[in-house]
Amino acid sequence: MNEMKGSAMEISPLRSEADYKAMLAEVSALIELDPDGESPEGERLEVLGLLVAVYEAKHYPISAQSPIEAATRR
């Protein structure tokens with residue numbers, strides 16, 4: 001799905017749960033590499049992380065709770 005060609009990043013939007021899971025796997029692998037932020041891998045990690053965050057905000061929203069709601073849901 002997301003392959004690098006030369007120095008250009010080939011990245012597709014996350015359109016399905018399968019795309020999301022595949023990107024999470026790639027993000028996890030990149031995190032394990034602990035790349036420098038200025039390296040191609042570090043830049044790819046930053047971009048993929050943003051895409052994952054946007055997908056999660058849309059598909060797995062976290063509603064704000066009042067302190068009382070949070071305390072009573074224990």
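These numbers were taken from a predicted model, which means no experiment stands behind them.
Checked against side chain to side chain contact (heavy atoms under 4.5 Å, CB included), Ser63 has no partners two or more places apart in sequence or in another chain. With sequence neighbours excluded, the residues that form a side chain to side chain contact (heavy atoms under 4.5 Å, CB included) with Ser66 are Ile68, Glu69. Not counting sequence neighbours, the partners of Asp36 by the side chain to side chain contact (heavy atoms under 4.5 Å, CB included) test are Glu38, Ser39. Evaluation of the side chain to side chain donor-acceptor pair (under 3.5 Å) rule for Glu46 yields no partner, not counting sequence neighbours. By the side chain to side chain donor-acceptor pair (under 3.5 Å) test, Glu17 pairs with Tyr55, Tyr60, sequence neighbours left out.
Residue Leu51 holds its CG atom at 11.0 Å from CD of Glu56, rounded to the nearest 0.5 Å. Between atom OG of residue Ser28 and atom CG of residue Leu33 there is a gap of 10.0 Å, rounded to the nearest 0.5 Å.
Minimum heavy-atom separation, Leu14 to Asp19: CD2-O, 3.4 Å. Contact detail for Pro35 and Leu30: the closest heavy-atom pair is CD-O, 3.1 Å.
Applying the ring-ring contact (aromatic ring centres under 6.0 Å, His included) rule to pairs touching residues 28-53 yields nothing, sequence neighbours excluded.
Clustering ILVMFWY residues whenever any of their side-chain heavy atoms sit less than 4.5 angstrom apart, transitively, puts Val54 in a cluster other than the one holding Leu45.
For Ile62, the CD1 atom is loosely surrounded, since the number of other residues' heavy atoms within 6.0 Å does not exceed 12.
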